[in-house]
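One structure is given here, and the rest of the page talks about it.
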Amino acid sequence: GEDVEQSLFLSVREGDSSVINCTYTDSSSTYLYWYKQEPGAGLQLLTYIFSNMVMKQDQRLTVLLNKKDKHLSLRIADTQTGDSAIYFCAERRSSASKIIFGSGTRLSIRP
Amino acid sequence: KAGVTQTPRYLIKTRGQQVTLSCSPISGHRSVSWYQQTPGQGLQFLFEYFSETQRNKGNFPGRFSGRQFSNSRSEMNVSTLELGDSALYLCASSQDRVNEKLFFGSGTQLSVL
């Protein structure tokens with residue numbers, strides 16, 4: 001994706017927390033998103049955060065936004081095998097309606 | 001409420017042919033966007049339609065086109081297919097152009113031989 005960067009792979013032990021990181025470049029971004037893609041499926045919206053927020057928690061998911069550093073993270077607590085998927089960070093810029101996606105982070109869970 | 005529906009699920013074509021993909025958005029959603037997903041390029045924005053008008057376009061050649069009907073259903077067309085057009089084509093819908101939530105279909109996997 002253009003201007004949204006993520007690491008490609010992350011491996012965590014079952015039961016541990018996973019932290020997936022993302023950086024973006026456009027300071028005018030209004031919304032930042034995390035999507036999940038399982039094999040053979042489309043993208044599922046997990047959570048999103050408005051650009052004037054710092055943190056959002058939703059059950060096992062915690063999103064942290066550092067607007068100064070243009071850094072977004074997704075923490076998954078108590079990671080389970082069902083969390084194995086590709087996680088995409090995305091931003092919506094105020095100047096255009098399109099949503100720009102990162103390349104995705106493949107999360108694998110080891111026993 | 002039914003989700004975003006894309007048809008067909010899989011498609012095999014040969015070089016030079018053309019293809020039409022269909023997308024039915026969630027009921028009540030008026031904005032439809034299309035994305036191309038490939039292992040090398042990730043998710044690339046193709047175009048967005050709202051009220052039967054193309055509102056936004058990505059950096060794709062003119063062989064890629066689309067349209068939206070009055071019931072918000074959308075189609076995209078790729079003419080003169082090339083091997084590099086092999087990809088998962090994803091459609092997404094939202095209530096309107098400013099709504100923050102974008103919901104995706106399962107995609108159409110296009111293979112060009």
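Just so it is clear: chains get the letters A, B, ... in the order the sequence lines come, proteins before strands, and each one is counted from 1. Fair warning: this is a prediction, and the values are worked out from it, not measured in the lab.
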Does Arg73(B) have more than 12 heavy atoms from other residues, nucleotides or ligands lying within 6.0 Å of its CZ? yes

Measuring from atom OG of Ser94(B) to atom CZ of Arg92(A), what distance do you get when rounded to the nearest 0.5 angstrom? 6.0 Å

Would you find more than 12 non-hydrogen atoms of other residues, nucleotides or ligands less than 6.0 Å from Leu61(A) atom CG? yes

Where Leu45(A) and Leu102(B) come nearest, the two heavy atoms and their spacing: CB-O, 4.3 Å

Could you tell me which portion of Phe50(A) (side chain, backbone, both or neither) has an atom closer than 4.5 angstrom to a non-hydrogen atom of chain B? neither

Flag the pair Tyr48(A) / Lys101(B) as yes when at least one side-chain heavy-atom distance between them is below 4.5 Å, and no otherwise. yes

Would you say Ile109(A) ends up clustered with Leu74(A) if hydrophobic residues are merged whenever their side chains have heavy atoms under 4.5 Å apart, either directly or through other cluster members? yes

Which atom names give the shortest non-hydrogen contact between Ile99(A) and Tyr35(B), and what distance separates them? O-OH, 2.9 Å

Between Leu88(B) and Gln37(A), is there a side-chain heavy-atom distance shorter than 4.5 Å? yes

Please determine whether residues Leu43(A) and Leu110(B) belong to a single hydrophobic cluster, defined as Ile, Leu, Val, Met, Phe, Trp and Tyr linked transitively by side-chain heavy-atom distances below 4.5 Å. no

What residues form a side chain to side chain contact (heavy atoms under 4.5 Å, CB included) with Lys70(A), not counting sequence neighbours? Tyr24(A), Ser27(A)

Side chain, backbone, both or neither: which part of Gln37(B) has an atom under 4.5 Å from a heavy atom of chain A? side chain

Determine whether the aromatic ring centres of residues Phe104(B) and Phe101(A) are separated by less than 6.0 angstrom. yes

Connected hydrophobic set around Leu8(A), excluding itself, where side chains approach under 4.5 Å: Phe9(A)

